[in-house]
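Throughout, numbering of the chain's residues begins at 1 and tracks the sequence.
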Amino acid sequence: MTVSVTNIEATPNPDALKFIVNQVLIPKGTRSYATRESAANDPLAFALFGHRHVVSVFYMDQFVTVTKNPDASWSMIMGDIKALIEKTDVSGLESVVADTAGPSSGDVLLDKVKDILKVRVLPYLANDGGSLEVLGMEGYQLKIRYQGACGSCPSSSSGTLNAIQAMLRHTVDPKIEVITG
């Protein structure tokens with residue numbers, strides 16, 4: 001089964017584009033790859049890494065975010081990326097994937113943080129072609145990893161991180177610190 005790219009959107013990251021497709025790729029969760037080797041069992045991501053300028057692949061629901069190396073021009077490679085997406089058989093992608101925020105941990109504070117991220121942060125990051133993964137929480141220090149367009153976006157490391165921290169401090173606990181890992 002193949003898909004069609006119905007739209008291509010810019011993201012806040014100048015090196016990432018969001019390719020909207022005509023059907024759901026995976027019904028739940030996300031897939032994020034930073035190397036071709038890590039994508040070896042994923043036909044879509046593996047195919048995209050076949051392009052020499054692709055440095056990361058992220059997808060969920062009905063979009064694929066591709067990040068290119070800064071030396072390449074989107075005007076030169078966008079058509080190639082679109083063609084790779086459209087010619088790849090995506091029939092095996094619907095396997096169950098973990099939720100980006102992760103399952104319940106049994107830790108009341110961490111679970112509250114994950115619930116807030118799922119409702120108030122992840123939809124906005126997805127709108128910009130990215131997401132985040134909760135790596136864990138030690139005391140009041142929350143460790144996250146950005147995915148997709150957010151992974152190498154200049155505003156993620158400062159503005160977005162500070163906004164997430166401020167929101168969690170306001171809604172959960174004023175001692176929360178958010179770091180990337």
Within residues 27-55 or reaching into it, pairs that qualify as ring-ring contact (aromatic ring centres under 6.0 Å, His included) - sequence neighbours excluded = His51-His53
task = Step through the shown structure and confirm whether more than 12 heavy atoms of other residues, nucleotides or ligands are within 6.0 Å of CG on Asn7.
result = yes
task = Look up atom CD1 in Ile77 and atom CG in Asn69, then write down how far apart they are to the nearest 0.5 Å.
result = 7.0 Å
note = Separation between CD1 (Ile20) and OG1 (Thr65), nearest 0.5 Å, reads 7.5 Å
ask   = Hey, mind stepping through Val134 and Leu110 against side-chain contact (heavy atoms from CB on, under 4.5 Å) and telling me if it holds?
value = CA-CA 9 Å; Val134 173; Leu110 179 57; 4.0 Å; yes
ask   = How close do Phe58 and Ser131 get, heavy atom to heavy atom, and via which atoms?
value = CZ-CB, 3.4 Å
task = Taking the side chain as every heavy atom from C-beta outward, state whether Val55 and Asp15 have any atom pair closer than 4.5 Å.
result = no
ask   = If you measure from CE on Met76 to NZ on Lys68, what distance do you get to the nearest 0.5 Å?
value = 12.0 Å
query = Does the side chain of Val66 come within less than 4.5 Å of Leu17's, by heavy atoms?
reply = no
note = Sorted by chain and number, sequence neighbours left out, side chain to side chain contact (heavy atoms under 4.5 Å, CB included) with Thr2 holds for none
inquiry  = Quick check against the 3.5 Å criterion: does Asp89 have a side-chain atom that pairs as donor or acceptor with the backbone of Met1?
reply    = yes
key: Taking every non-hydrogen atom, the tightest pair across Val5 and Glu86   = N-OE2, 2.8 Å
query = Are the side chain of Thr11 and the backbone N or O of Ala149 linked by a donor-acceptor pair below 3.5 Å?
reply = no
task = Just jot down the salt bridge (charged side-chain N to carboxylate O under 4.0 Å, His left out) partners of Asp128, sequence neighbours excluded, or say none.
result = none
query = Is there a side-chain contact (heavy atoms from CB on, under 4.5 Å) between Leu93 and Arg31 once you walk through the steps?
reply = CA-CA 10 Å; Leu93 301 181; Arg31 299 268 175 96; 4.2 Å; yes
inquiry  = Restricting to salt bridge (charged side-chain N to carboxylate O under 4.0 Å, His left out), what partner residues turn up for Arg169, sequence neighbours left out?
reply    = none
message = So, applying side chain to side chain contact (heavy atoms under 4.5 Å, CB included) with Val113, which one of Asp111, Ile116, Leu117 is it?
response = Leu117
inquiry  = Quick check: closest heavy atoms across Gly139 and Leu109, and the distance to 0.1 Å?
reply    = O-CD2, 3.9 Å
note = Output for pair (Ile8 CD1, Ile81 CD1), nearest 0.5 Å, gives 9.5 Å
Quick one: side chains of residues 172-179, donor-acceptor pairs under 3.5 Å with protein atoms, not counting sequence neighbours, listed by atom name and distance.
unit_1, atom_1, unit_2, atom_2, d
Asp173, OD1, Lys175, N, 2.8
Lys175, NZ, Tyr140, OH, 3.4
Glu177, OE1, Gln141, NE2, 3.2

task = Quick one: pull up NZ in Lys143 and CD in Glu133 and give me the separation to the nearest 0.5 Å.
result = 11.0 Å
query = Considering only heavy atoms from C-beta outward, does the side chain of Leu132 approach that of Ile164 to under 4.5 Å?
reply = yes
remark   = All heavy atoms of Asn127 vs all of Glu9, minimum pair found to be O-OE1, 4.4 Å
task = Would you confirm whether Gln23, through its side chain, and Val3, through its main-chain N or O, come within 3.5 Å as a donor-acceptor pair?
result = no
key: Contacts of Ser32 that satisfy side chain to side chain donor-acceptor pair (under 3.5 Å) - sequence neighbours left out   = none
query = Which value, rounded to the nearest 0.5 Å, describes the distance between Leu25 atom CG and Gln62 atom CD?
reply = 7.5 Å
request  = For the pair Tyr59 and Asp42, evaluate side-chain hydrogen bond (donor to acceptor under 3.5 Å, both in side chains) and give the outcome as yes or no after the intermediate values.
outcome  = CA-CA 11 Å; Tyr59 65 89; Asp42 186 307; 2.4 Å; yes
query = Backbone N or O of Gly130 within a donor-acceptor pair of the Lys18 side chain at under 3.5 Å?
reply = no
